[in-house]
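Convention: sequence-line order gives letters A, B, ...; per-chain numbering from 1.
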2 protein chains.
Amino acid sequence: MICVTILTVLGETTRDRQAERREATRREILQVAWELARENGLAQITLRDVAARVGMRAPSLYTHFPAKLAIYDAMFEQAWTEYEQYAVRVTATLPTAPRARLLALAYGFFDFAVADLARYQLMNQRTVPGFEPSPAAFAPSVRVVRAAVAMFAEAGVTDRGDIEIWFSLIGGLIDQQLANDPAGDSRRRLIERAMTMWADSVGLPPEPRDPP
Amino acid sequence: MICVTILTVLGETTRDRQAERREATRREILQVAWELARENGLAQITLRDVAARVGMRAPSLYTHFPAKLAIYDAMFEQAWTEYEQYAVRVTATLPTAPRARLLALAYGFFDFAVADLARYQLMNQRTVPGFEPSPAAFAPSVRVVRAAVAMFAEAGVTDRGDIEIWFSLIGGLIDQQLANDPAGDSRRRLIERAMTMWADSVGLPPEPRDPP
DNA sequence: GTCTATACTGTGATAGAC
DNA sequence: GTCTATCACAGTATAGAC
């Protein structure tokens, strides 16, 4: 009886160690993939390059991921999880007045997007041929949208169309910034004007504002 | 002297025929490439597939295009030229009142974009890894933007930021339509609201409107 | 000039030995 | 788990037939 218990404990410990080690390898692969995406472009990631930098041969990656697109899938989930945490962190320090709050949210999303082109392409564009996020990987982005909708509701905006126009506006500005002026801030300087336009249109009451 | 003239004429005729034939082959290759882009996806075009449907072997395509990306380049130019002609045609029948005119322009661009996903991806997104349009292929799109800016000026809008917000708004709605509801018209139904929002913000005078 | 045959390089993926 | 070997399939260069 004691022996069995010991064996079980040993077994579990071993399994834990293995799982832990496995997790670490997985994380390392993903980190290297992000590095290569930023260096060579998101779609230019190569299994041989990833493997070489991790210290393996390309086929060995298949021990940790069933396919190349599964690596993109994990990266997609990571990116949106990262944004979710970033958004939670930012929201905590946000002003409470509706206009100022939504303006700050816009700046937050804009800056997060523009800070990492490869990440933005994976999160919001279809830059990787054949890639479509799995439901599991999609979960964090759904939570983010739900949280945003809740914020709009608090600010008094519940019309789905108004919210979609808001997202279109921010998304369009980000796209243009990244496509035409990736290193500059020409579109970022339009955010306040765009947000005022939108807030006026949905009928948010004016409020005194202090610049960001 | 007569002989020389005849030979010259013959030479020119031959050259014309060859050039004509060459042009026809080029057009056929491009047309097949568009077909395959719509069937399998823009980035999934394969030289072997294109060649097979044209009735050639893959390396033979290099007689007509120096590289695969050169095919995308020619397609890019075709697509923007197509839009330019479409826009000219549409503009001729456009209302003259500024708000109605810009609204019609928005619908025109939106409908053109949504009508062909592969075309839109090539024109406005970076879906093909490594592709960047050449200056020559870029020319039609520059003309289109210039014409649009002229239309804004006629309507009384000259501020560059206002115009960029207009483009962001339309572009964002198109992106969302194609990404989240490619077969529907959920975002198209927001165009009028978005345009009113924008027109109010830039101070265009109100005018009686009739629905599209 | 136009096309084919062949071949080189690099890619994602699989099988089986250790 | 990781390796070697190999596959099928990309894009592309070249040589040569017509």
Worksheet item: Should the ring pair Tyr72(B) and Phe131(B) be called parallel, tilted or perpendicular, given that the plane angle runs from 0 to 90° and is split at 30 and 60?
Response: tilted

Between [X] (side chain only) and [Y] (backbone N and O only), is there a donor and an acceptor less than 3.5 Å apart?
X	Y	value
Ser201(A)	Met197(A)	no
Trp198(B)	Asp162(B)	yes
Asp73(B)	Ser134(B)	yes
Lys68(A)	Ile45(A)	yes

Practice prompt. Would you sort out whether Glu39(B) and Arg53(B) count as a salt bridge (charged side-chain N to carboxylate O under 4.0 Å, His left out), showing the intermediate values?
Written response: CA-CA 13 Å; Glu39(B) 289 173 24; Arg53(B) 203 170 286 194; 2.9 Å; yes

Check: protein-nucleotides 10-13 of chain C nitrogen or oxygen pairs below 3.5 Å:
from	atom 1	to	atom 2	distance (Å)
dT11(C)	OP1	Thr46(A)	OG1	3.2
dG12(C)	OP1	Ile45(A)	O	3.4
dG12(C)	OP1	Lys68(A)	NZ	2.7
dG12(C)	OP2	Leu47(A)	N	3.0
dG12(C)	N7	Arg48(A)	NH1	2.9
dG12(C)	O6	Arg48(A)	NH2	3.3
dA13(C)	OP2	Tyr62(A)	OH	2.3
dA13(C)	OP2	Lys68(A)	N	2.9
dA13(C)	O5'	Tyr62(A)	OH	2.8

N-O pairing of [X] and [Y] below 4.0 Å:
X	Y	value
Asp181(A)	Arg188(A)	no
Arg89(A)	Glu84(A)	no
Glu192(A)	Arg99(A)	no

Practice prompt. Please find the earliest and latest nucleotides of DNA chain D, in the 5' to 3' direction, that have an atom within less than 4.0 Å of any heavy atom of chain A.
Written response: dG1(D) to dA5(D)

Discussion item. If you take any heavy atom closer than 4.0 Å to DNA chain D, which residues from residues 125-138 of chain B end up in contact?
Written reply: none

Discussion item. Let me check I have this right: for DNA chain C, each base becomes ., (, ), [, ] or |, based on Watson-Crick or G-U pairs with both distances under 3.5 Å. What is the full string?
Written reply: ||||||||.|||||||||

Worksheet entry | Criterion side chain to side chain contact (heavy atoms under 4.5 Å, CB included) on Gln44(B) and Asp49(B), from CA distance to verdict | CA-CA 10 Å; Gln44(B) 276 68 41; Asp49(B) 286 350; over 6 Å; no

Donor-acceptor pairs under 3.5 Å, side chain of residues 113-130 of chain B to any protein atom, not counting sequence neighbours: which ones?
from	atom 1	to	atom 2	distance (Å)
Asp116(B)	OD1	Ala118(B)	N	3.3
Asp116(B)	OD1	Arg119(B)	N	3.2
Asp116(B)	OD2	Arg38(B)	NH1	2.5
Arg119(B)	NH1	Glu82(B)	OE2	2.9
Arg119(B)	NH2	Phe112(B)	O	2.7
Tyr120(B)	OH	Asp175(B)	OD1	2.8
Gln125(B)	NE2	Asp175(B)	OD1	3.1

Worksheet item: Going by the side-chain hydrogen bond (donor to acceptor under 3.5 Å, both in side chains) test, which pairs reach into residues 58-67 of chain A, not counting sequence neighbours?
Response: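 Those involving residues 58-67 of chain A do not exist here.
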
